[in-house]
Amino acid sequence: MRIVNSIYPYPVLSIDDEDYVNTSIFDVEFTSSPATTFKKAEIHCNFILHDGDLEKLVKQGKAGFYLHVENPRTAFRKLYAVEKGKNTFDLEIDTDYMRQKVEITGLLLAKEEIDGYMSKSVNSELYGSDYIFPTLNIGDPLAVAFTTNINIEDSDSFKSVTSIMKVAKSNTDYMIVNPDGEIVYINLPEKQYQQYVKYQSMQEVILTMVILPALTQLLNYIVINNSSDIDGQKWYMVIERKIKSLDMDISDLMRQDISALELAQRILDNPLERSFEEIRGVIESED
């Protein structure tokens, strides 16, 4: 027996579909985390599978979890494979390709040819009690979750400093900020750069020690150099948008209504306070 209105020529597990008994479940839970100073925003995906036979295929490596991501606005389409043995995946939001609305679909796909597969969870009323799947090829779906729409901010977030600032090693004796490009390079002496890499887990402290003074100098650079001469550079446009999100304008800086140091702290959302909290947490964990 075969269900006549199925879009697949064999049973596929999906919510609110009758191909499988109602105790079998395949779904994906999504949670999000906003961009931080050092990381882009992420969508955390947790794959949920409750079906003994399909779970066995996953454990055997014959099937695996995948995430299909599509953005009609940018014509972006990509299939991400979840690492074998895991049921979670973190999707990093790249605003160059993911804008406004991203469509995400969780899939369970065959990873190799599967011949003669049978499942006791298939709905016998639709497919009979001894249903044998046709030969499944690599990429054939075994389970499909509902497509979820994720709304994405359509502008760059300055909180993701890595989008406009890169820390690099140099042969100089002191930190140097180089704004002559689409992104800003913060050049550190070799020894300081090694410490920067070593202690990257202390993100708020690094933010205060490295990014804050660099941003302050960058704002002073905007004052010294007429903004009209640099307003086409990416780093300038991102900073300008961030200042506007604070209900301020770049002209406030030009008129010296606010100092570069204070504005830098506002842009980075008071990093000194978070740095001291981070240091306190490290000290208390060592006691």
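Position 1 is the first residue of the sequence, and the numbers go up from there. Keep in mind the model is a prediction, meaning the values are calculated, not measured.
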**Request:** Using the side chain to side chain contact (heavy atoms under 4.5 Å, CB included) rule, take L253 and V223 through it: C-alpha gap first, then chi angles, then the decisive distance, then the call.
**Result:** CA-CA 7 Å; L253 178 67; V223 173; 3.6 Å; yes

**Asked** Heavy atoms, side chains only, cut-off 4.5 Å: are V58 and E55 in contact?
**Response** no

**Asked** Would a distance-only check, ignoring hydrogens and angles, find a side-chain to backbone donor-acceptor pair under 3.5 Å from S121 to Y20?
**Response** no

**Message:** Can you confirm whether V205 sits close enough to Y199 that some side-chain heavy atom of one is under 4.5 Å from a side-chain heavy atom of the other?
**Reply:** no

**Asked** Do N46 and T88 have side-chain N/O donor and acceptor atoms under 3.5 Å apart?
**Response** no

**Message:** On a heavy-atom basis, which atom in V28 and which in G106 lie closest, and how many Å separate them?
**Reply:** CG2-CA, 3.7 Å

**Request:** Quick one: do N187 and M175 satisfy side chain to side chain contact (heavy atoms under 4.5 Å, CB included)? Show the steps, please.
**Result:** CA-CA 6 Å; N187 297 312; M175 179 172 72; over 6 Å; no

**Fill in**
Taking every heavy atom of Y236 against every heavy atom of I230, the minimum-distance pair comes out as CB-O, 3.4 Å

**Prompt:** For the residue pair F133 and Y131, does the interplanar ring angle fall in the parallel (under 30°), tilted (30 to 60°) or perpendicular (over 60°) class?
**Reply:** perpendicular

**Message:** Would a single hydrophobic cluster contain both I15 and V21, if residues Ile, Leu, Val, Met, Phe, Trp and Tyr are joined by side-chain heavy-atom contacts under 4.5 Å?
**Reply:** no

**Message:** For the CD atom of Q192 and the OG1 atom of T172, what is their distance to the nearest 0.5 Å?
**Reply:** 8.0 Å

**Complete:** Output for pair (K101 NZ, I150 CD1), nearest 0.5 Å, gives 11.5 Å

**Message:** Check this for me: does any side-chain nitrogen of one of R255 and D252 sit under 4.0 Å from a carboxylate oxygen of the other?
**Reply:** yes

**Asked** Should we count CE of M209 as having more than 12 external heavy atoms under 6.0 Å?
**Response** no

**Message:** Before you tell me yes or no, could you show the steps for Y193 and V210 under side chain to side chain contact (heavy atoms under 4.5 Å, CB included), namely the whole-Å CA-CA distance, both residues' side-chain angles and the distance that decides it to 0.1 Å?
**Reply:** CA-CA 10 Å; Y193 179 80; V210 179; over 6 Å; no

**Asked** Should we count CZ of F30 as having more than 12 external heavy atoms under 6.0 Å?
**Response** yes

**Asked** Quick one: ring-ring contact (aromatic ring centres under 6.0 Å, His included) pairs with a partner in residues 50-73, sequence neighbours left out?
**Response** F47-F65

**Asked** Would you say the side chains of Y127 and D19 form a donor-acceptor pair under 3.5 Å?
**Response** yes

**Asked** Same hydrophobic cluster for L79 and L142, using side-chain heavy-atom links shorter than 4.5 Å among ILVMFWY?
**Response** yes

**Request:** Determine the minimum heavy-atom distance between E204 and S275, stating which atoms define it.
**Result:** O-OG, 2.7 Å

**Request:** Give a yes or no on whether L57 and I25 share a hydrophobic cluster (residues Ile, Leu, Val, Met, Phe, Trp, Tyr; joining criterion: side-chain heavy atoms under 4.5 Å apart).
**Result:** no

**Message:** Is it the case that over 12 heavy atoms from other parts of the model lie below 6.0 angstrom from the CG atom of D130?
**Reply:** no

**Request:** Please answer: with hydrophobic residues joined when any side-chain heavy atoms are less than 4.5 Å apart, are L136 and Y8 in the same cluster?
**Result:** yes

**Request:** Taking the side chain as every heavy atom from C-beta outward, state whether K169 and V197 have any pair of such atoms under 4.5 Å apart.
**Result:** no

**Asked** When you measure from the side chain of R274 to the backbone N and O of D269, does any donor-acceptor pair fall under 3.5 Å?
**Response** yes

**Check: I267 and L246 side chains under 4.5 Å, non-hydrogen atoms** = yes

**Message:** Nearest 0.5 angstrom please: L261 CG to Q265 CD, how far?
**Reply:** 4.5 Å

**Complete:** One should read off an interatomic distance between Q233 CD and E240 CD, to the nearest 0.5 angstrom, of 12.5 Å

**Asked** From K78 NZ over to N71 CG, what is the distance, rounded to the nearest 0.5 angstrom?
**Response** 14.0 Å

**By salt bridge (Lys or Arg N to Asp or Glu O under 4.0 Å) - contacts of E278 (at least two apart)** = none

**Request:** Just jot down the ring-ring contact (aromatic ring centres under 6.0 Å, His included) partners of Y80, sequence neighbours excluded, or say none.
**Result:** F89

**L91 and M98, any side-chain heavy atoms less than 4.5 Å apart** = yes

**Prompt:** Does any non-hydrogen side-chain atom of I211 lie less than 4.5 Å from one of I186?
**Reply:** yes

**Message:** More than 12 heavy atoms of other residues, nucleotides or ligands under 6.0 Å from CZ of F146: yes or no?
**Reply:** yes

**Message:** Can you give me the closest heavy-atom contact between S24 and L13, atom names plus distance?
**Reply:** O-CD1, 3.6 Å

**Message:** Is any side-chain heavy atom of N87 closer than 4.5 Å to one of L49?
**Reply:** no

**Request:** Taking only Lys NZ, Arg NE, NH1 and NH2, and the carboxylate oxygens of Asp or Glu, determine whether E277 and R280 approach each other closer than 4.0 Å.
**Result:** yes

**Polar side chain donor-acceptor pair, S119 to D53, under 3.5 angstrom** = yes

**Item:** Shared hydrophobic cluster, M237 / M248 (ILVMFWY, side-chain heavy atoms < 4.5 Å)
**Value:** no

**Nearest heavy atoms of A260 and L219, plus distance in Å** = O-CD1, 3.3 Å

**Asked** Do you know the tightest heavy-atom contact between V177 and P179?
**Response** O-CD, 3.5 Å

**Item:** Distance, nearest 0.5 Å, that separates CD1 of I93 from OG of S32
**Value:** 9.0 Å

**Item:** Any side-chain heavy-atom pair of V184 and Y221 under 4.5 Å
**Value:** no

